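What follows is a set of notes on a single structure, which appears directly below.
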Amino acid sequence: MNNMGTLYRIELRKILCRRITVVVMIIVSLLMIAMNIGEYVAGSKVINKAEQALEGRAVNDELLDEMRAATDPKNVTMEDGTRMMIGVSVNDPAYQPLVDYLATIGGNYDKAYHMTESELEKRFRGVISEPMREQYLTAAEQDYWYEKLTDFSMPLTYGKIQNGWGDAVCIVYVVAILSMISIAATLSGVFSDEMQLRTDALIFSSRNGKRRLASAKLLAGITVGMLETLLILLVCVATQFTISGINGGDTSVQFFVGPTAMDMSIRRAFWIFAGIMMIIGLLLSIFAMCLSQICRNSVAVISVMMGLWLISMLTPPYSWRLVSQACGYLPVTFLGSWTFSDYRMVSIFGHLFTIFEAAPVLYVFLSLLLGLLTGVSYRRYQVTK
């Protein structure tokens, strides 16, 4: 009789009823909320309602002239008699986010204050030049991005820089980190506990067989891991949208990640990030259970996954093309504003795929491979005395 459903429910209940599962899910959710709220309490992010007056306007010379009229430059006189701008005083708060953004784009407040429409367009049109040199792009990759730049729409349409869509996109990488911690803690014992508690002999002697047991454990672990990832993502999004509002989804992603040839609305960027985050949750879940079966020790599983987090922080030089590109695909820190500036592509049968197109396929393939490896290892495992 096919009792796969019963086995799945039993394994799912075993994971969910563990005290550590409940405790960890509560802790990571509270951490996500605290991090989001903390940015506003600390003053690193300020909601500017006056900014809404500029929403939907083109960032052209007319708007930039208005910005200059609403600001006063702060100059200092150097020892040699030259005057240098060290900042600007903004009289109309509606223009403050635009001034700060242009300072980021230009490099300082002097360039922000004197920015023109043509200079801003030149900055965005030339966004690919430096990365192409640094990232050692192939001729085919360069041609691809140059073609993309021809479709780049200027002038930019201004949108509220401080909004829930953008805030969520800029902090999704924290969701990945907390998800990995949660998954490592809750799924590290899916296979190893029965070995450490010496209940494996009893389990293997049942009529269900190792293949069916392994499948039930994997499915239950994937369910819990995906639920944990979804929970943390929903907590992140709910907090950000509650604080910053749900308007501004049509704003260009440029206002949140800086100049990038991957032009899209911030709403589309959010849904791409959310989808990839769920696939990352799938990969991390299967990876944790694979380690649980191979290492046969919960502490070892957590240690390896924490080590993966540390490795993901490494930034090998671009001259190490394969190593550097592989590190860029590590799932823990994949989702960040920096990914929009990674123009290295993957060539498959002569077709080029961007990092956002290739990563989900790679993660799904690795998930299938790790799931197969876990099942094979479980079936070959022999009970020790």
Side-chain angles (χ1 to χ4, degrees), residues 39-40 42-131 133-134 149 152-163 165-167 169-171 244 247-248 250-266 269 336-341:
E39 292 182 302
Y40 297 92
S44 58
K45 288 187 177 180
V46 180
I47 298 176
N48 188 343
K49 294 183 179 180
E51 183 188 7
Q52 294 178 346
L54 305 181
E55 193 166 1
R57 292 189 57 184
V59 186
N60 51 22
D61 284 329
E62 180 183 356
L63 180 59
L64 294 173
D65 287 339
E66 291 179 13
M67 179 201 72
R68 276 184 284 274
T71 57
D72 297 318
K74 296 180 180 179
N75 298 311
V76 295
T77 303
M78 308 299 291
E79 294 181 356
D80 58 0
T82 59
R83 293 178 64 79
M84 183 179 68
M85 183 182 295
I86 60 172
V88 295
S89 175
V90 182
N91 302 318
D92 187 341
Y95 294 91
Q96 183 66 62
L98 179 59
V99 171
D100 294 338
Y101 177 73
L102 293 177
T104 303
I105 298 300
N108 54 55
Y109 281 103
D110 182 63
K111 292 182 179 179
Y113 182 79
H114 295 98
M115 184 75 71
T116 64
E117 180 182 347
S118 61
E119 289 173 349
L120 181 59
E121 182 173 354
K122 182 179 178 181
R123 169 64 177 162
F124 277 94
R125 295 292 182 187
V127 67
I128 192 64
S129 301
E130 186 175 347
R133 293 192 299 269
E134 292 179 349
L149 286 175
F152 197 87
S153 57
M154 293 293 288
L156 293 176
T157 299
Y158 188 79
K160 187 181 176 185
I161 295 176
Q162 190 69 54
N163 69 40
W165 297 98
D167 292 345
V169 166
C170 293
I171 204 171
S244 302
N247 297 324
D250 295 329
T251 304
S252 172
V253 72
Q254 310 286 349
F255 290 109
F256 301 92
V257 304
T260 173
M262 302 182 191
D263 193 30
M264 63 185 73
S265 69
I266 191 63
S337 58
W338 48 84
T339 311
F340 283 94
S341 299

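For clarity, every value in this text was computed on a predicted model and none was experimentally measured.
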Requested in this report: Under the side-chain hydrogen bond (donor to acceptor under 3.5 Å, both in side chains) rule, collect the residues that match up with E66, sequence neighbours excluded.
Outcome: R57, Y95

Report task. Go through the steps to decide whether Y109 and L102 satisfy the test side chain to side chain contact (heavy atoms under 4.5 Å, CB included), and finish with yes or no. Result -> CA-CA 8 Å; Y109 281 103; L102 293 177; over 6 Å; no

Requested in this report: Let me know which of T71, V90, L63 forms a side-chain contact (heavy atoms from CB on, under 4.5 Å) with L98.
Outcome: L63

Report task. Would you give the length of the straight line joining atom CG of D92 to atom CG of L54, rounded to the nearest 0.5 angstrom? Result -> 7.5 Å

Requested in this report: State, to 0.1 Å, how close A112 and A103 come at their nearest heavy-atom pair, and which atoms those are.
Outcome: CB-N, 3.4 Å

Query raised in the report: Heavy-atom distance under 4.5 Å between the side chains of W165 and T251, does that happen here?
Result: no

Query raised in the report: Say you draw a straight line from CG of D167 to OG of S244; how long is it, rounded to the nearest 0.5 Å?
Result: 4.0 Å

**Report entry** Minimum heavy-atom distance between A269 and V169, given as atom pair plus value
**Finding:** C-CG2, 4.1 Å

Query raised in the report: Would you call the rings of Y101 and F255 parallel, tilted or perpendicular if under 30° counts as parallel and over 60° as perpendicular?
Result: tilted

Report summary line: Looking only at heavy atoms, the pair that brings E51 and Y158 closest together is OE2-OH, 2.7 Å

Query raised in the report: Which pair of non-hydrogen atoms, one from Q254 and one from D263, has the smallest distance, and what is that distance?
Result: NE2-OD1, 3.2 Å

Query raised in the report: Which pair of heavy atoms, one from A50 and one from A94, lies closest together, and at what distance?
Result: O-CB, 3.3 Å

Query raised in the report: Does one side chain, of N247 or N163, offer a donor that lies under 3.5 Å from an acceptor on the other?
Result: no

**Report entry** Audit row: T157, D250, side chain to side chain contact (heavy atoms under 4.5 Å, CB included) steps and yes/no
**Finding:** CA-CA 9 Å; T157 299; D250 295 329; over 6 Å; no

Report summary line: To the nearest 0.5 Å, atom NZ of K122 lies from atom OG1 of T116 at 10.0 Å

Report task. Determine yes or no for a side-chain-to-main-chain donor-acceptor pair under 3.5 angstrom, with Q96 supplying the side chain and P93 the backbone. Result -> no

Query raised in the report: Which heavy atom of I105 sits nearest a heavy atom of P259, and at what distance?
Result: CD1-CD, 3.2 Å

Requested in this report: Only counting residues at least two apart or in another chain, list the ones meeting side chain to side chain contact (heavy atoms under 4.5 Å, CB included) with T339.
Outcome: F334, I355, F356

Query raised in the report: Can you name the residues that form a side-chain hydrogen bond (donor to acceptor under 3.5 Å, both in side chains) with T104, not counting sequence neighbours?
Result: none

**Report entry** Atom pair CG (L64) and NE2 (H114), whose distance is rounded to the nearest 0.5 Å
**Finding:** 12.5 Å

Report task. Check for a donor-acceptor pair, side chain of E117 on one end and backbone N or O of N60 on the other, with a separation under 3.5 Å. Result -> no

